[in-house]
Structure formats: structure tokens, C-alpha cells
Chemist: 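Input: one structure, supplied below.
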Amino acid sequence: MMQQSGVVPPQMAPMPIDPQQQQYQHAPPPPMNQQQWMMLQAQQQQSQAAAMPPQLWPQQVPQAAVPPPQYSASPASGSDEIRSLWIGDLQPWMDEQYINTCFYSTGELVSVKVIRNKQTGQLEGYGFLEFRSRATAEQVLQTYNGTLMPNSEQNFRLNWATLGAGERRTDDSPDYTIFVGDLAADVTDYLLQETFKPHYLSVKGTKVVTDRTTGRSKGYGFVRFGDETEQMRAMSEMNGALCSTRPMRIGPAATKKPIGGGQQYEKGHREALISGACN
DNA sequence: TATGAGCGA
């Protein structure tokens, strides 16, 4: 009766705080507001970057009007209800407690669920994080994704939890992807992007494929271009070029997903087209 | 070496 569900009670309005009688109402984590926390994250990111070699620095895009690279687009198309993130690439020992520790500093983590196999009880390697607000989840996504996980040699892999809402890519342009093999073991998404981005402005994103169980690179990856001309140019120009310590071997990527904006042909249609051509 | 991606038991 004190508060309605789903409605923020007006009692949260700022009230004068008596310093000698300051007490928390009921929440154990320090009541840090979002603004403070974002500043804290920024500082943390800076200090991290200062301790990292330049090729590992988070990508800073100088231009203002640049489309978001990967996961920054919010899936909420109209509603702000998605507050959960999917987390993958977890090792078998990374349980709820570990993940809680990783994100405790946000003070906004509501719950953690790590999925385990029903028979074996082993962790399936992914889980879900729920935050107090979608804005918080988005901050976590952008701040943590791709950064090193504590006590491990691999990076966080985060994304929005779908829950049937599905993530709408507002990107209507198709991707032109190349396969990059022969990568050195230390090549990351960032380094791969750093290698291509300066030469090809249409680079949308890169992915180094990692072994889910070990977290180590499988030695190959992908680079997505927005421009087909640059894709083809890169295939000839960057083949054999050095990335980290080894020359890359570049080939066409087998498209696992046809096209972002266009409609794909079904097999029947394609066969119909072929037979129609012979007819 | 090789063609990504994993969503709540």
C-alpha cells in the first residue's frame, strides 16, 4: 500500500540529508546514482587504457556522425523494458558468484543466472544478467563488452538478451564479409579492427573466433565491410599483410546469414530461377 | 588448423 508496482514513488525526490543520521533504507550496495556511476566507469576505463598497450585501447571514434559499430544499438524499439544481458564465452568455473563479483561495482546488478546442464550440472557457458534499468544494462554492455575478464585470458562477450523481443538491426545496409585466417594467437577483435580500419573506412566490425571452452583464439576471424568495393580491395591488398606477428590469409567468407536488409531467396525459388533459365 | 552465433531445464 505504500507503493504501487511499476510506479516510482515520489518519495525518491531529493530530501535534505542529515549527515549524522545518514542511513541506507534497505539496499546493501552503495546508492550510487547513474551519473556518478557513469563517471566512475569512464575513469575506470581511462585507467585501464593507460595500462594497456595502444593496440588494445578501446576504439575511439573521432567523428560525430558515425553509426554504432556493433552492440550499441538498443533493441528496445518503443519499450524500455529490456534490462537483461546475455553473457557468453564463460568457462566452466565462472559461476554466479564470479559474475556477481565482476559486476558488483555497478551497484545495479539485480540478478545473475548461469545456465547449467540438467544432467551433468556443468555450466553451459552462458548466462543472463539483469540490471535495475535498461540504461544501466546498456552502460555495462558498452563498458565491459570486449574487455578482459578478471582472472582469465579472455574477454567479456555480452549482448542483449533477446527474450523474443529480438534485436532489430536498424542497419539496413548489407554486410560484406571476408574470412581472415592464419591469425596469431594474440590477435583480438580490437587488433583485427585496428589493422583494417585505417585503410578501409567502411569496416563495420571484426570478430576473432575463439574456442568456447578454452577462450583461446582459433586462429581465424572475420571482417565486415559496408562497402563491397572495399571488401574486394581488402581481399587483394591485405592478403599476406601482417597482423601482429603473422601474415594473414584472406578469403571469401561463407555467409552464415545472407543479408541484413534484403530478402533471401528460398531454395525453391532459386531452383525455379535456374530451371527457368534453361527453359 | 579454419568459415562466426551461444538466449533462461
Chemist: With heavy atoms under 4.0 Å as the rule, sort Asp182(A) into base, sugar-phosphate or nothing.
Modeler: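 Answer is base: heavy atoms of Asp182(A) come under 4.0 Å of a base.
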Chemist: Which whole-number value in Å describes the distance from Leu90(A) CG to dG8(B) C1'?
Modeler: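 It works out to 13 Å between those atoms.
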Chemist: Residues in side chain to side chain donor-acceptor pair (under 3.5 Å) with Ser111(A), at least two apart?
Modeler: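 Testing Ser111(A) for side chain to side chain donor-acceptor pair (under 3.5 Å), a comparison that skips the adjacent residues, returns Glu130(A).
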Chemist: Both Leu183(A) and Thr210(A) contact DNA chain B. Which one's nearest nucleotide lies toward the 5' end?
Modeler: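 Between the two, 5'-proximity favours Leu183(A).
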Chemist: From C-beta outward on Lys207(A), which listed nucleotide comes closest to its side chain: dG8(B), dA9(B), dG4(B)?
Modeler: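 Closest of the options to the side chain of Lys207(A): dG4(B).
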Chemist: Go through the structure and list residues passing salt bridge (charged side-chain N to carboxylate O under 4.0 Å, His left out) with Glu230(A), not counting sequence neighbours.
Modeler: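 Glu230(A) satisfies salt bridge (charged side-chain N to carboxylate O under 4.0 Å, His left out) with Arg233(A) only.
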Chemist: Rounded to the nearest angstrom, tell me the gap between atom CG in Leu123(A) and atom C1' in dG6(B).
Modeler: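 To the nearest whole Å, that distance equals 14 Å.
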Chemist: Take atom CZ of Phe128(A) and atom P of dC7(B), then tell me their distance rounded to the nearest Å.
Modeler: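 Taking CZ of Phe128(A) and P of dC7(B), I get 8 Å after rounding.
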Chemist: Would you say Arg157(A) places a side-chain N or O within less than 4.0 Å of OP1 or OP2 belonging to dA5(B)?
Modeler: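 Yes, Arg157(A) has a side-chain N/O under 4.0 Å of OP1/OP2 on dA5(B).
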Chemist: Is there a residue in residues 239-248 of chain A whose heavy atoms reach under 4.0 Å of DNA chain B, and which residues are they?
Modeler: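 Nucleic-acid contacts, sorted: none.
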Chemist: Which residues pass the ring-ring contact (aromatic ring centres under 6.0 Å, His included) test with Phe131(A), not counting sequence neighbours?
Modeler: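 Phe131(A) satisfies ring-ring contact (aromatic ring centres under 6.0 Å, His included) with no other residue.
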Chemist: Tell me, please, which residues at least two apart from Phe225(A) pass ring-ring contact (aromatic ring centres under 6.0 Å, His included).
Modeler: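 In terms of ring-ring contact (aromatic ring centres under 6.0 Å, His included), with neighbours along the sequence ignored, Phe225(A) is linked to Tyr200(A).
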Chemist: Please give, in whole Å, the distance from dG6(B) P to Ile99(A) CD1?
Modeler: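 From Ile99(A) CD1 to dG6(B) P: 19 Å.
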Chemist: Under 4.0 Å between a Lys/Arg side-chain N and an Asp/Glu carboxylate O for Arg116(A) and Glu96(A)?
Modeler: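 Salt bridge flag = yes for Glu96(A) with Arg116(A).
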Chemist: Between dG4(B) atom P and Asn159(A) atom CG, what is the distance in whole Å?
Modeler: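 Going from Asn159(A) (CG) to dG4(B) (P), I get 18 Å.
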Chemist: State the syn/anti category of dG6(B) according to its glycosidic angle, syn meaning within 90° of 0.
Modeler: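 With its glycosidic angle within 90° of zero, dG6(B) counts as syn.
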Chemist: Between atom OH in Tyr176(A) and atom C1' in dT3(B), what is the gap in whole Å?
Modeler: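 Roughly 19 Å, once rounded to whole Å.
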Chemist: When the distance from CG of Leu85(A) to C1' of dG8(B) is rounded to whole Å, what number comes out?
Modeler: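 From Leu85(A) CG to dG8(B) C1': 14 Å.
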Chemist: Which of these nucleotides, dA9(B), dA2(B), dG6(B), is closest to any side-chain atom of Lys118(A)?
Modeler: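 Taking heavy atoms from C-beta onward, the closest nucleotide is dA9(B).
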Chemist: Apply salt bridge (charged side-chain N to carboxylate O under 4.0 Å, His left out) to Asp211(A) and list each qualifying residue two or more places apart in sequence or on a separate chain.
Modeler: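 Partners of Asp211(A) by the salt bridge (charged side-chain N to carboxylate O under 4.0 Å, His left out) criterion come out as none, since no residue qualifies.
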Chemist: Does any N or O in the side chain of Thr177(A) come within less than 3.5 Å of the main-chain N or O of Arg224(A), such that one atom is a donor and the other an acceptor?
Modeler: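 No; zero donor-acceptor contacts below 3.5 Å.
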Chemist: Assign Arg116(A) to base, sugar-phosphate, or nothing according to its heavy-atom contacts below 4.0 angstrom with the strands shown.
Modeler: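 Here Arg116(A) touches no strand at all.
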Chemist: To the nearest Å, how far apart are Tyr220(A) OH and dT1(B) P?
Modeler: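 Rounding to the nearest Å, OH of Tyr220(A) and P of dT1(B) are 13 Å apart.
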Chemist: Measure from the side chain of Phe222(A), starting at C-beta and using heavy atoms only, and say which of dG6(B), dG4(B), dA2(B) lies closest.
Modeler: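 Between dG6(B), dG4(B), dA2(B), the one nearest the side chain of Phe222(A) would be dG4(B).
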Chemist: Run through Ile250(A), Val223(A), Ile178(A) and flag the one making a side chain to side chain contact (heavy atoms under 4.5 Å, CB included) with Met238(A).
Modeler: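 The residue from Ile250(A), Val223(A), Ile178(A) that satisfies side chain to side chain contact (heavy atoms under 4.5 Å, CB included) with Met238(A) turns out to be Ile250(A).
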Chemist: Side chain of Trp86(A) only, please: which of dA2(B), dT3(B), dC7(B) is the nearest?
Modeler: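 For the Trp86(A) side chain, the nearest candidate turns out to be dC7(B).
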Chemist: Give one of base, sugar-phosphate or nothing for Tyr126(A), where a contact means two heavy atoms less than 4.0 Å apart.
Modeler: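 It contacts sugar-phosphate atoms only.
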